[in-house]
There are 2 protein chains.
Amino acid sequence: MLEPMARKTGSHAEQTGPRVRTAALQLFSKFGYAAVSMRQIAKEVGVQAGALYTYTPDKQALLFDLMRAHMLDLLDAYGRVARKNASPHQRLEDFVRFHIHYHIDRADEVFISYMELRNLTQDHFEAIEAFRRRYEAALEDILRAGQESGVFRVSDVRVTSMAIIAMLTGVNTWFRDEGRLSREALADIYWDMVARMISGVEVPA
Amino acid sequence: MLEPMARKTGSHAEQTGPRVRTAALQLFSKFGYAAVSMRQIAKEVGVQAGALYTYTPDKQALLFDLMRAHMLDLLDAYGRVARKNASPHQRLEDFVRFHIHYHIDRADEVFISYMELRNLTQDHFEAIEAFRRRYEAALEDILRAGQESGVFRVSDVRVTSMAIIAMLTGVNTWFRDEGRLSREALADIYWDMVARMISGVEVPA
DNA sequence: GTCTATAATGGGATAGAC
DNA sequence: GTCTATCCCATTATAGAC
């Protein structure tokens, strides 16, 4: 160690890269991509604005990387949870519980991935949308399997899958860990609602 | 009419005010509040940027007015549809169909009212949130009435109302009039799902 | 009511020293 | 890898002429 230890400047490559991403994630989520300046991100990280360009070619790439990483993580995490050979009922319950827990823990990433789509360039937008469709398709597969085996009664697989994802993701707008409900109680309630929604039991008019 | 008719400048007070609001609405919805400049709005209206300040004290007030007008319209429109003395089942069906139709027709307003909350000042934010809570409370009242009279079986009124609103509003992200489903077919599907979700019928595990 | 011009500030991104 | 300094351009909002 020939360099002074208390220096304010110097090389911190392995630390600074992730810190830039974390700062951008939090700031974009809180104020919106367009409202956040590179100078703000730099200040949060503790470097000068020019130094950010060591880690990203530009602001747009920073946004895309965050959204892409989120979608890849989501697909990967679900892939490790999904049990393709289980019953449709079990697979759906797994999906519901996975979605709620995964999304609650990643409020910033989820928020950005829904809110900042319009700030992506065309190519980037299409890439993110493709990832999202893969996730939606996973749910549609489960609904179709249940429908075909007669355990679910779903009037429209596509609409039902969009309804389920919207209602589950909506949890992020109001749920707080300090609130009245535990995560487990929350997931139980949502699973009960989803199970009824797709049940084969006839409902009296 | 003493003034020339083809003039580029002059007074158009009654026309320009609404045009400013319409342009702001569309641009904020498409690109986001922070990403839209007063110059862009002015260009869309066909005036110079300075002229906008005849109609709004600043950009923030323009956003707030749009969101406030949307919430007031929503509460007013629902108030005219709601039948307080009908059965909970009927009132819920009315709510579901009203929400879907009303929101599909106002995609820009709905988008802004959900996306731009963070760009409001504290006072403005609280005002909008109060309107939103009134709308949510209307749905909660219906669910509570059905629960108490035994026709609904709802495990948590608050969670169920948030789930229903999220799933209904989610329609706006994907529904297109040129698509596979008519609005009526869409509303039928959603009402079917909601009716099952809150039904008193036991679902087999 | 709208224009032109401008004040005051801040934006993204780059160059070159260290 | 980070800094300082800077380019160039856009921003919101206002002043004063018409």
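What you see is a predicted model, and the numbers here were worked out from it, not measured in a lab. Lettering of chains follows the sequences in order, A, B, ..., and the numbering in each one begins at 1.
Ion pairing between a basic and an acidic side chain is recognised when a charged N comes within 4.0 Å of a carboxylate O; B:R91 and B:D94 show no such pairing. In this structure, B:R68 does not pair ionically with B:D73, as no charged nitrogen and carboxylate oxygen lie closer than 4.0 Å. Comment: A:D192 engages B:R153 in a salt bridge, judged by a side-chain N to carboxylate O separation of less than 4.0 angstrom.
When rounded to the nearest whole Å, the span between NZ of A:K43 and C1' of D:dC3 equals 17 Å. In this structure, B:I41 places its CD1 atom 12 Å from C1' of D:dT11, rounding to the nearest Å.
For B:T16, a side-chain nitrogen or oxygen approaches OP1 or OP2 of C:dT2 to under 4.0 Å. Contact annotation: A:Y55 reaches the phosphate of D:dT2 (side-chain N/O to OP1 or OP2, under 4.0 Å). An OP1 or OP2 oxygen of D:dT2 is reached within less than 4.0 angstrom by no side-chain nitrogen or oxygen of A:Q48.
With rounding to the nearest 0.5 angstrom, the CZ atom of A:R106 is 11.5 Å from the OG atom of A:S113.
Residues A:L74 and A:F98 form a side-chain contact, since some pair of their non-hydrogen atoms from C-beta on lies under 4.5 Å apart.
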Handout entry: Per-nucleotide protein contact string for nucleotides 12-18 of chain C, where B marks a base within reach and S marks sugar-phosphate only (heavy atoms under 4.0 Å, - for neither)
Key = BBB----
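Between B:F152 and B:H89, the ring planes are tilted. Angles from 30° to 60° get that label.
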